[in-house]
Amino acid sequence: MAHLYMAADYQDMPWKNGGGSTAQILIHPKDAGIDDFIWRISLATIAEDGPFSSFPGIARSLALVAGAGVDLHFSTRRVCLRPDGERLISFDGADSVHATLADGVTRDFNVMTRDVRAHHSCQIWQLHGAMEWRRNAPDTLIFVQSGQVQCAWGQSSQRLREFDSLMLQAGDDARCQLMGEACLFIVELWERA
């Protein structure tokens with residue numbers, strides 16, 4: 001069954017390495033911790049320059065939600081996330097990553113899946129008006145980065161506002177109608193057999 005999660009529902013917790021804080025949107029299984037989740041979705045606050053936590057065996061996607069941006073320094077490359085440029089990156093959780101803020105605090109949307117148990121895709125969509133969409137994964141999260149959207153599937157409908165999330169699951173109709181003016185992050189999640 002679909003479930004709406006609002007920003008007030010998210011659970012605040014420190015980063016694994018203590019270098020920042022995270023508002024956890026969802027974790028699966030729901031009683032999992034940082035060391036045994038299958039997948040986890042959160043909003044991280046980066047308040048100062050420093051290293052990311054190491055997550056060996058975890059695939060990660062990170063998207064800029066708010067702030068001037070952040071430079072991610074890997075051993076072999078640098079990725080600059082900016083509101084008017086590149087906003088989304090996927091990488092190996094075991095990678096050594098050092099974050100340098102462009103100009104003050106950022107908030108970042110973070111998806112993590114344990115490689116041996118699950119995989120994911122993450123996309124950023126700009127919605128202007130109405131569109132029909134058919135989701136591919138049994139578990140799909142719609143996160144509203146800005147604006148608002150009306151989402152309808154089967155006989156159900158839900159309005160999402162900034163920072164709200166809607167989780168659609170296997171029993172929900174795969175066809176969705178989206179209507180509004182919004183920037184959406186679409187996360188599709190598959191558990192491995």
_Hydrophobic clusters here meaning ILVMFWY residues chained together by side-chain heavy-atom distances under 4.5 Å, can you tell me if Y5 and V111 are in one?_
yes

*Is it true that W39 and L43 fall in one hydrophobic cluster, defined by side-chain heavy atoms closer than 4.5 Å?*
yes

*Is there a side-chain contact between S165 and L160, using heavy atoms and a 4.5 Å cut-off?*
no

_Side chains of I41 and Y10 in contact at under 4.5 Å (non-hydrogen atoms)_ = no

_By the definition side-chain contact (heavy atoms from CB on, under 4.5 Å), identify the one residue from Q169, H28, M167 that meets it with L189._
M167

*Stepwise, does the side-chain contact (heavy atoms from CB on, under 4.5 Å) test hold for L81 with L62?*
CA-CA 9 Å; L81 300 180; L62 186 116; 3.5 Å; yes

*asked:* Are C80 and E86 packed together at the side-chain level, in the sense that at least one heavy-atom pair is separated by less than 4.5 angstrom?
replied: no

_Applying salt bridge (charged side-chain N to carboxylate O under 4.0 Å, His left out) as the test, list every pair that has at least one member in residues 159-184; sequence neighbours left out._
D173-R175

_With rounding to the nearest 0.5 angstrom, report the CG to CG distance, L101 to D49._
5.0 Å

*Check: M112 main-chain N/O paired with R40 side-chain donor or acceptor under 3.5 Å*: no

_Going by side chain to side chain donor-acceptor pair (under 3.5 Å), name the residues that satisfy it together with S156, two or more places apart in sequence or in a different chain._
none

*Can you get from F91 to V79 by hopping between Ile, Leu, Val, Met, Phe, Trp and Tyr side chains that sit under 4.5 Å apart?*
yes

*Under 4.5 Å between any side-chain heavy atoms of V144 and L184, yes or no?*
yes

*What residue pairs, at least two apart or across chains, pass salt bridge (charged side-chain N to carboxylate O under 4.0 Å, His left out) with a residue in residues 101-123?*
none

_Pairwise distance OG1(T100) to CZ(R78) - rounded to 0.5 angstrom_ = 8.5 Å

*How would you list all residue pairs meeting ring pair (Phe, Tyr, Trp, His ring centres under 6.0 Å) that involve residues 132-151, not counting sequence neighbours?*
F109-F143, W125-W133, F143-F163, F143-F185

_Please check: side-chain N/O of D92 versus main-chain N/O of A94, any donor-acceptor pairing under 3.5 Å?_
yes

*Partner set under side chain to side chain donor-acceptor pair (under 3.5 Å) for E188, not counting sequence neighbours*: none

*Minimum-distance pair of heavy atoms, taken over all atoms of A182 and V149*: CB-CB, 4.4 Å

*Hey, any chance V187 and L26 share a hydrophobic cluster, counting ILVMFWY side chains that come within less than 4.5 Å of each other, even indirectly?*
yes

*Which pair of non-hydrogen atoms, one from Q123 and one from L88, has the smallest distance, and what is that distance?*
CA-CD2, 4.2 Å

*asked:* Please find the pair of heavy atoms, one from Q126 and one from C183, that lie closest to each other, and give the distance.
replied: NE2-SG, 3.4 Å

_If I compare all heavy atoms of I124 with all of A63, which pair ends up nearest, and what's the gap?_
CD1-CB, 4.3 Å

*Output the distance between atom CD1 (I25) and atom CD1 (I27), rounded to the nearest 0.5 Å.*
12.0 Å

*For the residue pair A68 and P83, what are the closest heavy atoms and their distance?*
O-CD, 3.3 Å

_Around atom CE of M6, are there more than 12 heavy atoms from other residues, nucleotides or ligands closer than 6.0 Å?_
no

*Roughly how far, to the nearest 0.5 Å, is the OG1 atom of T76 from the CG atom of D95?*
7.5 Å

*Indicate the atoms forming the closest heavy-atom contact of A23 with D12, along with that distance.*
CB-OD1, 3.4 Å

*side chain to side chain donor-acceptor pair (under 3.5 Å) with T140: which residues, sequence neighbours excluded?*
none

*Pick one: which of R60, H120, R192, E191 meets side chain to side chain donor-acceptor pair (under 3.5 Å) with T113?*
H120

*Answer with yes or no whether the hydrophobic clustering places L166 together with L127; edges join I, L, V, M, F, W, Y residues whose side-chain heavy atoms lie under 4.5 Å apart.*
yes

*From CD1 (I38) to CG (D139), nearest 0.5 Å*: 10.0 Å

*asked:* I need the M131 CE to Q177 CD distance, nearest 0.5 Å.
replied: 9.0 Å

_Under 3.5 Å donor-acceptor, R135 side chain and A137 backbone_ = yes

